[in-house]
Amino acid sequence: MTDEAREGLDVNLVFAGLFSAVLTTFVAQTSQALQPDRATESTLLLREIAALQRAQMNGTSAESVPSTSADFTPAAIDVWVNGLWFTSLTLSLASALFAVLIKQWIRYYMSHTSGTIRKRSLIHQFRLRGFQKWHVQTLINILPVLMHLSLAIFFAGLTLFLLSLRRSIATIVGSASAFIFLAYIGTAIWPLFHVQCPYHSPLTNILYGLLVRLHMLQDRRKDAVLKDVAPAFEWLLSMSSNPSVHRVVVQAVGGCLQKSPAMTRLVEKSDAESIFKSTWADMFSESIYQLPDDKACIRPEKGIPLVSGSV
């Protein structure tokens, strides 16, 4: 766990450093548009002085010479571009800061403890529960998402910046950026509905935990694993005549019946049902057996209940 976390944090730090350096170059150029141009102001003042001197020589009133002094107001597009890029830079630096902090937390977690093996084991378990209780892994998953958000904001600002220069180039860059991030969001959402999809990312883990906590999505990962295990159990039942093997399979399947439709379908198969009935009757000589965490009961002469509450 710690090695994987450290590797992810190192990658995040490198990416944040490179991205912040590139972004600082853009910001250093565009931030000048937010303040008055001193060279332009000097030119206007010189023109005003020359006009005053010409008016004095011609005997014209100085009030007839227009004043060049005015309040400076930056263009709206310059404000938006700099606002987006400064926000992106802030998120990037914040991601790097928290990556360094989490690496320090992991260093404390892995720090050496003296004492007996039992004492070291208890301390290690205590720290592990603290990491789980305070959702350190969730924070580690948030950091890459923060960097991706920073990159999306940068592309939005880049599109606006190019819009003031050349509309055709801004259209191409904006379309490419939109396609990239739509694909990014799509690959993050797809595994939520297809458990076997390999397109997992930190955003996927965050969305999955959030939707399961809000009861908007069922936790189907366990059933997906059991669905892959069910053919292995079926193969053991069909290929082995050893009663001990049958006993182990029945015990394993019995604990998963109420949680996995795949295991239920395995029991419903005609070639496996007789093995389940005979093995179950041998295992339990009493007439009724209570399943753990379930009110369903089992009578060996009627077989294993296939659904919750049926006998």
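Every heavy atom of this structure was used, including side-chain atoms; hydrogens, water molecules and symmetry mates were not.
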Hey, are the side chains of [X] and [Y] touching, using non-hydrogen atoms and a 4.5 Å cut-off?
{"X": "Trp85", "Y": "Ser31", "result": "no"}
{"X": "Met147", "Y": "Leu143", "result": "no"}
{"X": "Leu13", "Y": "Lys103", "result": "yes"}
{"X": "Tyr109", "Y": "Leu128", "result": "yes"}
{"X": "Leu163", "Y": "Trp80", "result": "no"}
{"X": "Thr187", "Y": "Trp190", "result": "no"}
{"X": "Ser88", "Y": "Phe19", "result": "yes"}

Can you tell me how far [atom2] of [Y] sits from [atom1] of [X], rounded to the nearest 0.5 angstrom?
{"X": "Gln132", "Y": "Arg127", "atom1": "CD", "atom2": "CZ", "answer": "15.0 Å"}
{"X": "Leu158", "Y": "Ile153", "atom1": "CG", "atom2": "CD1", "answer": "13.5 Å"}
{"X": "Leu9", "Y": "Phe98", "atom1": "CG", "atom2": "CZ", "answer": "13.0 Å"}

With a 4.5 Å cut-off on side-chain heavy-atom distances among I, L, V, M, F, W and Y, is there a chain of contacts connecting [X] to [Y]?
{"X": "Val11", "Y": "Leu151", "value": "no"}
{"X": "Ile169", "Y": "Phe161", "value": "yes"}
{"X": "Val100", "Y": "Val136", "value": "no"}
{"X": "Ile185", "Y": "Ile142", "value": "yes"}
{"X": "Trp134", "Y": "Leu210", "value": "no"}

According to the interplanar angle, ranging from 0 to 90°, do the rings of Phe26 and Phe154 count as parallel (below 30°), tilted (30 to 60°) or perpendicular (above 60°)?
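Rings of Phe26 and Phe154: perpendicular, over 60°.
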Which label fits Tyr184 and His148: parallel for a plane angle under 30°, tilted from 30 to 60°, or perpendicular past 60°?
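Taking His148 first and then Tyr184, their aromatic rings stand perpendicular (interplane angle over 60°).
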Run the side chain to side chain contact (heavy atoms under 4.5 Å, CB included) check on Ile102 and Trp105 step by step: do they pass?
CA-CA 5 Å; Ile102 294 176; Trp105 299 344; 3.6 Å; yes
For Val145 and Asn141, work out which heavy atoms get closest and say how close.
CG2-O, 3.5 Å
Look only at the side chain of [X] and the backbone of [Y], and say whether a donor-acceptor pair between them is shorter than 3.5 Å.
{"X": "Thr204", "Y": "Ala188", "result": "yes"}
{"X": "Ser121", "Y": "Ile117", "result": "yes"}
{"X": "Thr159", "Y": "Phe155", "result": "yes"}

Among residues at least two apart in sequence or on other chains, which ones pass ring pair (Phe, Tyr, Trp, His ring centres under 6.0 Å) with His135?
none
If you link ILVMFWY side chains whenever their heavy atoms are less than 4.5 Å apart, which other residues fall into the same cluster as Leu18? By chain and number, please.
Val14
Any chance the side chains of Ser92 and Ser20 put a donor and an acceptor closer than 3.5 Å?
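Judged by distance alone, the side chains do pair up.
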Among Ile77, Leu34, Leu160, which residue meets the side chain to side chain contact (heavy atoms under 4.5 Å, CB included) test with Asn82?
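For Asn82, the side chain to side chain contact (heavy atoms under 4.5 Å, CB included) check succeeds only for Leu34.
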